[in-house]
Trainee: 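Take this structure first; my questions come after.
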Amino acid sequence: MVRAAAQVSLLASLALVVITLAIVLTRHLVMARTLASLAMVAGLLAFGGAEWVREGLRKPYVIGRVMFVNAVRMPAASGARPTAVPDAFTVDALNAGGLLKASAWTRLPDVDDATVDEVTYATAEGREVFKILCSSCHTVDGHLGVRPLVQGRGVDALTGMLGRLADPVDAAGVPTSWSNPAVQLTTWRGRRMPPFVGTDHEKRALAVYLAHLGGAGPEALASALSGGAGVDDLGRRFFEENCSMCHGDGGGWPFAGRPPRSADEFYEMLGKLPELNEMMPAFPGSDTERRAVAAHLAALTAGPDAKESAR
Amino acid sequence: MNPLWLTSIPQPDPLPQPAPGWLLWGLLLLTFFLHVLPMNFVLGGSIITAVARWRSRSHSAMHAATLTQWMAKAMPVAIAATVTFGVAPLLFLQVLYGRLFFTSSILMAGFWLAVVPLLIVAYYAAYVVAFRGQRHSRWAGPLSWAMAILFLAIGFIYVNNMSLMLRPERFVELYRADGRGLQLNLADPTLVPRYLHMVLGALAVAGAAIALHGWVSRDRDPEFGNWAMRHGANWCAGATALNLVVGFWWLLAVPRPALVQLMTRVPVIALFLGVAVGMVVLTLAVMTARAADPLPHVKWLISGILITLMLMIITRDQVRSASLADSGFTPATWVEPQWGAIAVFGWLLVVGLATIGWMIGTLQSSQQHSRR
């Protein structure tokens with residue numbers, strides 16, 4: 001997109017020069033109005049394209065390696081400047097203290113209001129988190145709107161995705177901490193997004209809000225909020241959080257309808273995910289989680305009848 | 001822990017200020033002065049033109065018609081100059097006070113963004129009056145009034161933002177009440193006097209500009225020249241007389257702690273000098289308006305009004321910093337001057353102003369040439 005914008009800007013600039021020369025050489029006598037209108041269009045395209053490139057180049061930062069587009073600061077950056085007050089808006093500070101507490105600009109319903117149930121309150125919190133963290137780039141339905149992106153997604157899947165927006169790595173690509181001065185970003189599917197910052201509670205609230213935007217009803221949101229993380233549920237939940245953004249019902253590569261495999265086969269495959277497809281990260285969980293996910297996948301590919309009998 | 005409203009002044013960005021504070025402050029005042037000159041001509045001039053057009057209809061007064069014709073031609077140029085000269089002070093304001101100014105702009109975003117469409121409509125109206133005003137004279141009157149009303153509305157929005165940014169203690173409260181960007185600063189007692197002071201000042205400066213035009217055009221049309229000098233001086237005198245009263249109203253509306261702050265500062269001398277020179281301007285304006293030969297007075301009137309304007313711009317800045325003294329706002333302390341960029345800016349500013357001066361001079365002499 002940035003490359004295309006750069007080409008448009010370059011071509012429009014050239015066109016502007018040519019049109020201007022044409023206007024000057026013909027002494028305004030030939031098609032003056034048409035040429036002037038074309039010059040205006042070329043000028044707008046040249047400027048628009050250049051602005052697009054400028055925006056695109058610096059994402060996800062607004063000040064390179066210092067401040068993200070949503071004004072969240074890298075911790076390493078705060079050491080580089082003289083400051084009288086400790087910076088309350090670094091990744092570490094917000095992860096520890098919470099985003100909603102750090103911001104004066106929130107509009108939440110009254111906690112003591114009896115008519116506001118848990119789901120409504122969580123959705124409201126999520127909406128505020130969205131406004132603070134996401135709305136510098138995203139709208140709900142307009143430019144870079146999120147509603148189509150989260151259509152039909154569950155709270156667990158969204159929570160997992162939010163946790164992987166961007167991770168701190170060192171030059172060799174090994175995970176590191178945010179306060180490492182040489183920290184670099186590895187982002188979810190190469191998107192130029194800053195990391196989610198805030199507490200786990202706030203991440204969950206944002207996921208609830210996004211799921212709500214994506215069409216999830218109050219019952220689904222309430223059951224996701226209440227957790228229900230029994231041992232039986234471990235595989236499904238782990239899959240939801242870590243795999244379903246690509247492999248879920250709404251994703252490009254769903255499991256439902258695939259040829260059935262046994263749990264042992266899936267267990268083997270989960271051990272070598274990057275070998276199967278370089279787009280996939282290595283399995284991030286424990287051995288228990290790996291077994292649980294394998295069982296869940298075996299049930300998924302066996303179809304609804306088999307799933308019932310497996311329970 | 002700080003009270004909540006203290007946190008409503010955003011933290012400074014992790015970015016050093018590109019020039020020393022005193023330099024940015026000086027450039028803010030200088031470029032604001034350059035902006036105010038054409039802005040006052042546009043705002044005050046649009047009101048004077050509308051009134052003159054209305055008068056010239058009922059009295060079939062020839063001079064008023066000549067004046068409105070010149071004003072109509074000058075208006076698009078003056079609007080362009082206002083916008084162009086407005087960019088630099090807006091940027092310096094953002095560097096120095098961005099944390100306040102952006103916040104107040106967001107609180108009133110709906111109105112603030114409306115400035116652009118309002119201005120575009122007024123700008124088009126100015127072009128229609130300038131180029132089609134003779135042929136469609138039936139429309140010129142209503143369009144002139146529409147322009148005056150639009151510029152008054154734009155000024156009102158600006159005064160709202162410039163006064164709201166001085167009240168950070170109200171930011172969070174306003175946002176909680178309504179976060180849709182539809183807040184104005186209507187509860188502020190300084191709003192009305194501040195706005196009236198600016199509008200009356202614009203009328204006085206526009207009046208002085210008309211007097212200047214009368215002075216310049218006296219050679220080729222002595223009768224009109226003398227009339228325009230007196231007419232402009234009349235507007236200047238009336239507006240300045242009212243403004244002395246409104247100015248004190250504004251001063252008394254400033255919150256008491258800020259007023260004490262202001263009065264104990266050395267630069268408050270600018271205020272007293274400004275009032276004194278303002279009174280001299282009033283006397284000169286009355287003399288110009290009454291004199292059989294207004295010419296000897298008019299250059300003193302114009303010098304006086306320019307000096308008053310400078311002193312009042314300094315005073316306006318002092319009111320700003322006095323109002324912010326107890327607000328918890330602290331200027332940025334992290335400064336890493338980029339002297340190369342500053343030198344380029346200074347050079348371009350000088351060259352640009354010289355070019356504009358040359359353009360005005362050339363235009364003036366070519367007009368006098370063609371008329372002879």
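Residue numbering restarts at 1 for every chain, and letters A, B, ... go by the order of the sequence lines.
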Trainee: Could you check whether atom CH2 of B:Trp358 has more than 12 heavy atoms from other residues, nucleotides or ligands sitting under 6.0 Å from it?
Mentor: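 For B:Trp358, atom CH2 is not crowded (no more than 12 foreign heavy atoms under 6.0 Å).
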Trainee: Which atoms form the tightest heavy-atom contact between B:Pro14 and A:Ile63, and what is the distance?
Mentor: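 So the minimum-distance heavy-atom pair works out to O-CD1, 4.0 Å.
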Trainee: Please classify the contact between B:Thr103 and chain A as side chain, backbone, both or neither, with a heavy-atom cut-off of under 4.5 Å.
Mentor: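 The side chain, not the backbone.
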Trainee: Non-hydrogen atoms of chain A under 4.5 Å away: do they reach the side chain of B:Ala177, the backbone, both or neither?
Mentor: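 For B:Ala177, the backbone is the part near chain A, not the side chain.
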Trainee: Applying salt bridge (charged side-chain N to carboxylate O under 4.0 Å, His left out) as the test, list every pair that has at least one member in residues 132-149 of chain A; sequence neighbours left out.
Mentor: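 Pairs touching residues 132-149 of chain A that pass the test: A:Asp141-A:Arg147.
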Trainee: Between B:Asp13 and A:Met67, what is the shortest heavy-atom contact and its length?
Mentor: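 Closest approach of B:Asp13 to A:Met67, heavy atoms only: OD1-CE, 3.6 Å.
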Trainee: Relative to the ring of A:Trp105, is the ring of B:Tyr175 parallel (under 30°), tilted (30 to 60°) or perpendicular (over 60°)?
Mentor: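 If you compare the ring of B:Tyr175 with that of A:Trp105, the planes turn out perpendicular.
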Trainee: Please report the closest heavy-atom contact between A:Arg73 and B:Pro12, naming both atoms and the distance.
Mentor: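 Where A:Arg73 meets B:Pro12 most closely, the heavy atoms are NH2-O, 3.0 Å.
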Trainee: Identify the residues of residues 33-59 of chain A whose heavy atoms come closer than 4.5 Å to a heavy atom of chain B, ordered by number, or report 'none'.
Mentor: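 If one takes a 4.5 Å heavy-atom cut-off, no residue of residues 33-59 of chain A lies near chain B.
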